[in-house]
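First up is the structure itself, then whatever we jot down about it.
Excluded from the calculations below are hydrogen atoms, water molecules and symmetry mates; all remaining heavy atoms, backbone and side chain alike, are included. We name chains A, B, ... by the order of the sequence lines, and we start the count at 1 in each one.
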2 protein chains.
Amino acid sequence: MTRDSLLPLLAAHVLTHGLGQASLRPLARAAGTSDRMLLYHFGSKEALMADLLGHIAQVYAAALDAAMGAERAASRGEVVARILAQGDAAAMQPFLALWWEIVAGAVRGIASYRTAARAMMDELLGWLETQMPADDPDPKGGARYLLTLIEGTLMLGAIDHGDTAHDGLLASGLLRP
Amino acid sequence: MTRDSLLPLLAAHVLTHGLGQASLRPLARAAGTSDRMLLYHFGSKEALMADLLGHIAQVYAAALDAAMGAERAASRGEVVARILAQGDAAAMQPFLALWWEIVAGAVRGIASYRTAARAMMDELLGWLETQMPADDPDPKGGARYLLTLIEGTLMLGAIDHGDTAHDGLLASGLLRP
DNA sequence: AAGCCTGTGTAGCAAGTGCTACATTTATCG
DNA sequence: CGATAAATGTAGCACTTGCTACACAGGCTT
């Protein structure tokens, strides 16, 4: 059991149960080892969480790569629709649920959370830029505009205000009814 | 020490220290009482949190009321600028920091968090509608559009991507450079 | 073969968690 | 005043938290 072979098991547990349940003994159980060994491999819980969040950010990046469509979208609205469909996919749900815990931790100043949040958002923004329509007049600014809208939509969806966000997107003119 | 006189003290502690540190003994210390008495007044920690989050939602609503400008904005961009300036205000920072913990809890299915999140977002949306320009062609949809943008901006700001959001707002055409 | 480093199990510690039992004070009402 | 109820203090329980001390195996080099 090396450190690298443990990370996927730990990530799986955190993705389904959340960061609140991420204490050493449950994590160890999920990875088939003991709290003693987790500390042996990672040094401390803080270091473990840093490694783990880093690993999760990598997995997220890989998931985005895998989801990257071959051909570009024809309009900004199509980009938004594609990404939101992507966000609704079952495979992305655990990431979304985890995301808000990471944001909350980042705001509270926990360094590893900040790092993971930045990494995941950089990844998403980069991906978004590649997805912009070929004839977009301002792909860079447009990607940032869409990212802001998308994140707002995801947040509203997370608190049962999905309809609000949907109506907002309709009013933006990006989506057709 | 009645239940209602305790709530502001508890809210103050939670607003500055976060929900992660909200265990009975620290809360009791902040309110000048004992864990024993908190349970006596609220019945259980779960009930306490429900009451507390409800109270915080009320305080938030009051803060929004107090911040409501007298005259309407002239354009959607001005509405966004006003609200973001409002969000940057020191008085709102504790609410913002708490907000993401509430969202994270809501996503994990904790009922009282969901309720508080809904209440606060309903309040903000209602406030936003009153702030829309008088000549806006679609105040209701527009408010939802702006809400989505604003929440996305706040989230990006929370993870050091404030510049990204700002560029996005510029690209949206709502804000002038 | 002797020693040593890496990996692992067992047991435990001090602190903190929500909550409870019991006793006691304080206030209210007949 | 005396009784009854509401409010509070003191101790503690069973459990979880991150982390550590100690022992002990197995394979490695010399």
Side-chain angles (χ1 to χ4, degrees), chain A residues 1-56 98 101-102 104-105 108-116, chain B residues 1-56 98 101-102 104-105 108-116:
Chain A
M1 275 292 179
T2 159
R3 179 198 306 235
D4 290 341
S5 74
L6 285 174
L7 281 175
L9 301 171
L10 299 175
H13 181 262
V14 157
L15 279 169
T16 67
H17 294 87
L19 289 167
Q21 308 303 318
S23 44
L24 288 181
R25 270 164 265 244
L27 282 176
R29 227 174 296 128
T33 177
S34 67
D35 57 333
R36 168 71 181 71
M37 288 313 294
L38 288 185
L39 290 173
Y40 175 74
H41 284 302
F42 296 93
S44 71
K45 167 142 197 226
E46 199 180 337
L48 187 158
M49 291 307 293
D51 277 18
L52 181 51
L53 289 176
H55 177 255
I56 288 175
L98 200 61
E101 295 183 309
I102 293 177
R108 289 290 170 203
I110 309 173
S112 51
Y113 286 59
R114 281 191 117 92
T115 307
Chain B
M1 274 293 179
T2 158
R3 179 198 307 234
D4 290 341
S5 75
L6 248 18
L7 280 175
L9 302 171
L10 298 175
H13 181 262
V14 157
L15 278 169
T16 67
H17 294 87
L19 290 167
Q21 309 302 317
S23 43
L24 288 180
R25 271 164 263 246
L27 282 176
R29 226 174 297 127
T33 177
S34 66
D35 57 334
R36 168 69 183 70
M37 289 315 292
L38 288 185
L39 290 173
Y40 175 74
H41 284 303
F42 296 93
S44 70
K45 168 143 196 222
E46 200 181 336
L48 186 159
M49 291 307 293
D51 277 19
L52 182 50
L53 288 176
H55 177 256
I56 288 176
L98 200 61
E101 295 184 308
I102 294 177
R108 289 288 169 204
I110 309 173
S112 52
Y113 286 59
R114 280 191 118 92
T115 307

Handout entry: Approximate separation, where rounding is to 0.5 Å, of B:Met49 CE and B:Ser44 OG
Key = 11.0 Å
Handout entry: Distance (rounded to the nearest 0.5 Å) between A:Arg114 CZ and A:Arg108 CZ
Key = 11.5 Å
Are any non-hydrogen side-chain atoms of [X] and [Y] less than 4.5 angstrom apart?
| X | Y | value |
| --- | --- | --- |
| B:Leu52 | B:Ile56 | yes |
| A:Tyr113 | A:Leu19 | yes |
| A:Thr33 | A:Leu9 | no |
| A:Val14 | A:Leu53 | no |

Handout entry: Short side-chain N/O contact from B:His41 to OP1 or OP2 of D:dT8, under 4.0 Å
Key = yes
Practice task
Could you give me the CA-CA distance, side-chain angles and deciding distance for A:Leu10 and A:Phe42, then say whether side chain to side chain contact (heavy atoms under 4.5 Å, CB included) is met?
Solution key: CA-CA 12 Å; A:Leu10 299 175; A:Phe42 296 93; 4.1 Å; yes
Nucleotide [N], atom [atom2] - distance to [atom1] of [X] in whole Å:
| X | N | atom1 | atom2 | answer |
| --- | --- | --- | --- | --- |
| B:Tyr40 | D:dA5 | OH | P | 13 Å |
| A:Phe42 | D:dC19 | CZ | P | 13 Å |
| B:Met37 | D:dT10 | CE | P | 13 Å |
| A:Arg3 | C:dT8 | CZ | P | 13 Å |
| A:Leu38 | C:dG9 | CG | C1' | 14 Å |

Every protein N/O lying under 3.5 Å from an N/O of nucleotides 17-22 of chain C:
{"residue": "C:dT17", "atom": "OP1", "partner": "B:Ser23", "partner atom": "OG", "Å": "2.2"}
{"residue": "C:dG18", "atom": "OP1", "partner": "B:Lys45", "partner atom": "NZ", "Å": "2.9"}
{"residue": "C:dG18", "atom": "OP2", "partner": "B:Leu24", "partner atom": "N", "Å": "2.8"}
{"residue": "C:dG18", "atom": "N7", "partner": "B:Arg25", "partner atom": "NH2", "Å": "2.6"}
{"residue": "C:dG18", "atom": "O6", "partner": "B:Arg25", "partner atom": "NH2", "Å": "3.0"}
{"residue": "C:dC19", "atom": "OP2", "partner": "B:Lys45", "partner atom": "N", "Å": "2.7"}
{"residue": "C:dC19", "atom": "N4", "partner": "B:Asp35", "partner atom": "OD2", "Å": "2.8"}
{"residue": "C:dA21", "atom": "N6", "partner": "B:Arg36", "partner atom": "NE", "Å": "3.3"}

Practice task
Residues of residues 6-14 of chain A with any non-hydrogen atom less than 4.0 angstrom from an atom of DNA chain D: list those, numerically ordered, please.
Solution key: none
Exercise for the section: Kindly state each residue pair satisfying side-chain hydrogen bond (donor to acceptor under 3.5 Å, both in side chains) with at least one member in residues 1-14 of chain A, sequence neighbours excluded. Expected result: A:Arg3-A:Asp51
